[in-house]
Amino acid sequence: MRKRFTPNGLYIENPSEIRFVYKILVLSLLAIIALTLFLYIIAISDNRFSPFKNLTPEMTENIIYLSYIFLYIFGIICFLIWTYKTAKNKFYLAHSNVSTLSYIGPKMSVVYYFIPLFCLFKPYRALVQVWESANLSKNSKSRISPKLILVAWISHLCLMFYDNYLGSSDLSNTGLCIYLSAYVSINLLIVYIIMNLSKDQIRAIAQKKNIDL
């Protein structure tokens with residue numbers, strides 16, 4: 001059963017589906033990080049490094065690059081599905097506790113990622129609303145906070161700006177190591193936030209279902 005209607009007429013996404021999607025998403029992001037590091041290692045070695053027998057470094061780089069593209073597209077799809085599902089549930093969790101008039105709907109939570117200018121701040125606000133709706137209880141013990149989400153969001157935007165407009169191809173080995181350290185740290189922070197947002201919401205749904213029923 002994909003959705004369950006509650007006595008107040010609101011529906012929620014199955015928590016088991018949320019758990020499945022976020023785990024697949026996390027694995028995809030970790031794989032993307034690993035492949036990115038792999039590509040840079042090959043670039044630093046001037047295409048002399050090939051971990052696969054009977055394959056030239058150029059063939060190895062092409063295989064890894066194609067795998068990266070596939071995982072990147074797959075990761076984006078998983079993230080948008082995760083965004084949509086968690087955005088649905090925040091209305092159920094916040095109902096009767098806070099006003100949801102200012103809440104960004106599930107469809108717009110996804111669409112805002114593709115709208116210029118709005119994509120710089122609306123998705124962040126949608127993520128914070130997911131956190132707020134899952135941590136209304138005074139007894140909630142979330143491992144993340146809106147400030148941490150803000151740090152991750154600004155860091156992500158800075159990294160995207162650097163990749164798109166400055167690039168890392170002309171960096172020295174030292175500069176490249178600094179860039180890769182920042183890249184890995186920022187993306188691991190994003191993974192950490194996704195995991196804990198999902199866990200917070202699943203826990204909040206379980207607690208609220210006991211109250212509703």
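In what follows, residues are counted from 1 in the order of the sequence shown. These values consider heavy atoms only, across backbone and side chains, with no hydrogens, waters or symmetry-generated copies.
- Considering CD1 of I186 and CG of L157, their distance stands at 10.0 Å, rounded to 0.5 Å.
- Residues I77 and L71 are members of one and the same hydrophobic cluster, defined by side-chain heavy-atom contacts under 4.5 angstrom among Ile, Leu, Val, Met, Phe, Trp and Tyr.
- Here the shortest heavy-atom pairing between I194 and L29 reads CD1-CD1, 3.8 Å.
- Atom OH of Y72 has 12 or fewer neighbouring heavy atoms from other residues, nucleotides or ligands inside a 6.0 Å radius.
- Atom-to-atom distance recorded for Q201:CD and K85:NZ is 11.0 Å, nearest 0.5 angstrom.
- Between F118 and F121, the ring planes are tilted. Angles from 30° to 60° get that label.
- N187 is listed as a side-chain neighbour of L159, based on a closest heavy-atom distance under 4.5 Å.
- Residues I115 and M160 do not share a hydrophobic cluster, defined by chaining ILVMFWY side chains whose heavy atoms lie under 4.5 Å apart.
- Atom CG of L117 is surrounded by 12 or fewer heavy atoms from other residues, nucleotides or ligands within 6.0 Å.
- Put simply, the side chain of K90 gets close to the backbone of I104: a donor and an acceptor are under 3.5 Å apart.
- Here L25 contributes atom CG and I76 contributes atom CD1; the two are 11.0 Å apart, rounded to the nearest 0.5 Å.
- Counting heavy atoms from C-beta on, the side chains of C119 and Y112 never come closer than 4.5 Å.
- Residues F114 and L80 meet the side-chain proximity criterion, which asks for heavy atoms closer than 4.5 Å.
- Residues I18 and S198 come closest through the heavy atom pair CG2-CB, 4.4 Å.
- To the nearest 0.5 Å, the span separating CD1 on I33 from OG on S28 amounts to 11.0 Å.
- The shortest distance between side-chain heavy atoms of S67 and L35 falls below 4.5 Å.
- For residues 109-125, the set of pairs meeting the salt bridge (Lys or Arg N to Asp or Glu O under 4.0 Å) definition, not counting sequence neighbours, comprises R125-E132.
- Between the SG atom in C78 and the CD1 atom in I73 there is a gap of 12.0 Å [rounded to 0.5 Å].
- Counting heavy atoms from C-beta outward, L188 and L30 have side chains that approach closer than 4.5 Å.
- No hydrogens or angles considered: nothing links the side chains of S109 and Y84 as a donor-acceptor pair under 3.5 Å.
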Donor-acceptor pairs under 3.5 angstrom involving side-chain atoms of residues 142-154: please list them, not counting sequence neighbours.
unit_1: S142; atom_1: OG; unit_2: W131; atom_2: NE1; d: 3.1
unit_1: S142; atom_1: OG; unit_2: I144; atom_2: N; d: 3.2
unit_1: S142; atom_1: OG; unit_2: I144; atom_2: O; d: 3.2
unit_1: S142; atom_1: OG; unit_2: D200; atom_2: OD2; d: 2.5
unit_1: S145; atom_1: OG; unit_2: L148; atom_2: N; d: 3.4
unit_1: W153; atom_1: NE1; unit_2: L120; atom_2: O; d: 2.7

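- Annotation: side chain of L197 is in contact with side chain of W82 (closest heavy-atom distance under 4.5 Å).
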